[in-house]
Asks: 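My questions all concern the structure below.
What's counted below: heavy atoms across the whole structure, side chains too, no hydrogens, waters or symmetry copies. Throughout, a chain's letter reflects where its sequence line sits, starting with A, and its residues are numbered from 1. As the structure is a prediction and not an experimental result, all values here were calculated from the model.
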Protein chains: 2
Amino acid sequence: MSKERVTLSHVAQRAGVSAMTVSRALRSPDKVSPALLRRIEKIVAELGYVPNPAARALASGRTNVIGALIPSVTNNVFSDVLRGIYAATEDGPFEVQLGNTRYSPLTEEKLLAVFLSQKPAGLIVTGIDQSPASRRMLEGASCPIVQIMEIGSGPIDMMIGFSHYDGAAAATRHLIETGSRFPAFVGARMDPRTQRRFAGFRDVCSAAGCFSMSRCVTTPTPSTVTLGTRLFADLVARHPEVDGVFCNNDDLALGILFEAQRRCIAIPEKLTVCGFNDLEMMAAAEPSITSVRTPRFAIGRRAVEMIVARLADPGPDTGRGAAERVDTGFELVARQSTARRPR
Amino acid sequence: MSKERVTLSHVAQRAGVSAMTVSRALRSPDKVSPALLRRIEKIVAELGYVPNPAARALASGRTNVIGALIPSVTNNVFSDVLRGIYAATEDGPFEVQLGNTRYSPLTEEKLLAVFLSQKPAGLIVTGIDQSPASRRMLEGASCPIVQIMEIGSGPIDMMIGFSHYDGAAAATRHLIETGSRFPAFVGARMDPRTQRRFAGFRDVCSAAGCFSMSRCVTTPTPSTVTLGTRLFADLVARHPEVDGVFCNNDDLALGILFEAQRRCIAIPEKLTVCGFNDLEMMAAAEPSITSVRTPRFAIGRRAVEMIVARLADPGPDTGRGAAERVDTGFELVARQSTARRPR
DNA sequence: CTGTTAGCGCTTTCAA
DNA sequence: TTGAAAGCGCTAACAG
């Protein structure tokens, strides 16, 4: 292991060919004679040559970086998406560059400027509520772009996700159908997707004549399980009649489960709890919690695949192919407790 | 917004100075006359100039990238670390490049080669069990390196973490002190840190004369809450006498909590459950679960700070300063259920 | 199938 | 405090 970094020309010299040939051998092996190819590969391995990505990017004006802007690295929802992105990236030439927008459109704007300056191969952005400036930047960008986790009209380029409104509506309908007469909403963070879930809840309740704004507790604070316990405590203090809760997400739902246990409020006999996203733990919960399953891993993976496909076949001369717009849907997972009741 | 990317010389031309001067103005504002500086800054803003990182990296042989290799993006433990890393980089010039090793030393090796080829400003690696090849690469690297999440002898460079063995030992002692006579261990994934936790459990139990290998259920499968329910089911089927469980992590502990509820095994009357890491949700759980709190966010943030500090002051001529080695410790969080018992 | 010539956008010298 | 020249390591566009 010498201190000298080995470059393309070192390899070329050793192989007795030009740097260009080595470059080709590495990028399009079929354009080089098999014998030479093997010789070059051997030397590359011997010397431990690793291409300098900066030089490559500078010379070619392109990178193998797929930028992914997500609102949170801690939220399980996005770590599943991320896992999908990494899974799809694993065997290809692409690298992922992660950007954490922390639910701030302004942060997203800044990150976008930085990311775009790197000439990424593609870009993944979360949601459909980009700021006007962000939208402008994205529309001016010359790489494939996928908006993920939501579905809506006017995509910037490609789009894959589902309707949060519909998901919430389905959950709320289930709540009412299983007998809830005084349904409540518990939400935190209140980002655009949460807002649309709330709208779904509100509209279904209104149509059923059981909407009450006073039974909706929300806060801009990020959701946590502990926050769920507190919001639920507030709720039952003001509305002991509540017999069903639709939660913005599973963390809050779990908090409500715990708080209900603590207060000996029987689930599902006296209270039905419904979450959103159907995180892994929901399948194990006792008492059971219904949730809306969202294909987060698949969305992440598919987003990368859509970019790769576009790169392979840019399509018509528009500079941007036909904009794919994939509605993944969701799945209401209704659960019943399987506990043996204590004697 | 023109299609043309704006470069340093565009800015220079507009300002009527040389590119070099603009470059200086941007990187060391104090080496340029104040009036000129302001003029340049204005033009930069007008033109929307963003430096080309590839060109910068190529010319300078350095980057502002801090590489972070972590075993999993989904595991809450590491997303907390990641959040700390991002928090510490937010206001500085550094960018984070994430690498997902998926608990594989081989994957880590490959990623390391790629990362090192980018001449990162610094590197964060998880744990102390790098493969020999990885260790060699890291030792040959010319940037600050921090091993995180564990503490041990023979650091490659810097190190920040805690003893998993001691953490597990403390938890096990607590289990025994609060009356467990037949303690069990439930573990999944069984990565090196899990192994050391197991060792801590084993040694404390052995010393207390209550170790039984048959009460230790483990699997190489990644931990999930659902897996916790299953492993616990296996355990009680074989050992109904178990009255305390130390879990490899909080996910398994939560699964055990749920399964115990399902089987109407009273916690903590008949069973004490202890997790590891003290994830946020543990504070809310009902019945309560004891856990070992680990400073994950702080470790991530501090790791970046250590790198930045080293970069600012490389220290003696050794090329590598005195290797800091920080033991963050951990905190046993013993909890008691606060439920009102049902009438 | 292989080589030559430029040059990507920036920074490092060194000089003024 | 500012500028000129050279080149980082690689690839595009042509030649052969």
Asks: Name all residues meeting the salt bridge (Lys or Arg N to Asp or Glu O under 4.0 Å) criterion together with Arg193(B); count only those two or more places apart in sequence or in a different chain, and write none if there are none.
Replies: Glu150(B), Asp191(B)

Asks: Classify the side-chain pair Thr63(A)/Gln118(A) by whether it contains a donor and acceptor separated by less than 3.5 Å.
Replies: no

Asks: Rounded off to whole Å, could you give me the CG-to-P distance for the Leu26(A) and dG9(D) pair?
Replies: 16 Å

Asks: Which nucleotide wins on minimum distance to the side chain of Thr21(B), given the candidates dG3(D), dG9(D), dT2(C)?
Replies: dG3(D)

Asks: Let me have a per-nucleotide readout for nucleotides 11-16 of chain D, 5' to 3', with B, S or -, counting only protein heavy atoms under 4.0 Å.
Replies: BBB---

Asks: OP1 or OP2 of dT2(D) versus the side-chain N and O atoms of Ser33(B): is any pair under 4.0 Å?
Replies: yes

Asks: How would you list, by chain and number, every residue that makes a salt bridge (Lys or Arg N to Asp or Glu O under 4.0 Å) with Arg83(B), sequence neighbours excluded?
Replies: Asp80(B)

Asks: How long is the line joining CG of Leu36(A) and P of dC1(C), in whole Å?
Replies: 11 Å

Asks: Could you check Val50(B) against Gly16(A) and say which one's nearest nucleotide on DNA chain C is further toward the 5' end?
Replies: Gly16(A)

Asks: Report the distance from atom NE2 of His10(A) to atom P of dG9(D), rounded to the nearest whole Å.
Replies: 8 Å

Asks: Send over the distance from Gln13(B) CD to dG9(C) C1', rounded to a whole Å.
Replies: 14 Å

Asks: Looking at Arg135(B) and Glu109(B), is any side-chain nitrogen of the basic one under 4.0 Å from a carboxylate oxygen of the acidic one?
Replies: no

Asks: Does Asp30(A) CG have over 12 foreign heavy atoms under 6.0 Å away?
Replies: yes

Asks: Rounded off to whole Å, could you give me the CZ-to-P distance for the Arg38(B) and dT1(D) pair?
Replies: 16 Å

Asks: From CG of Asn52(A) over to P of dC8(D), roughly how many Å is that when rounded to an integer?
Replies: 12 Å

Asks: Starting at atom CD1 of Ile40(A), determine the distance to atom C1' of dT2(C), rounded to an integer number of angstrom.
Replies: 10 Å

Asks: Starting at NZ of Lys31(B) and ending at P of dT11(C), how long is that distance when rounded to a whole Å?
Replies: 14 Å

Asks: State plainly whether the residues Glu90(A) and Arg102(B) are in salt-bridge range, i.e. N to O under 4.0 Å.
Replies: yes

Asks: Does the side chain to side chain donor-acceptor pair (under 3.5 Å) test come out yes or no for Thr101(A) and Ser104(A), once each step is laid out?
Replies: CA-CA 6 Å; Thr101(A) 67; Ser104(A) 153; over 6 Å; no

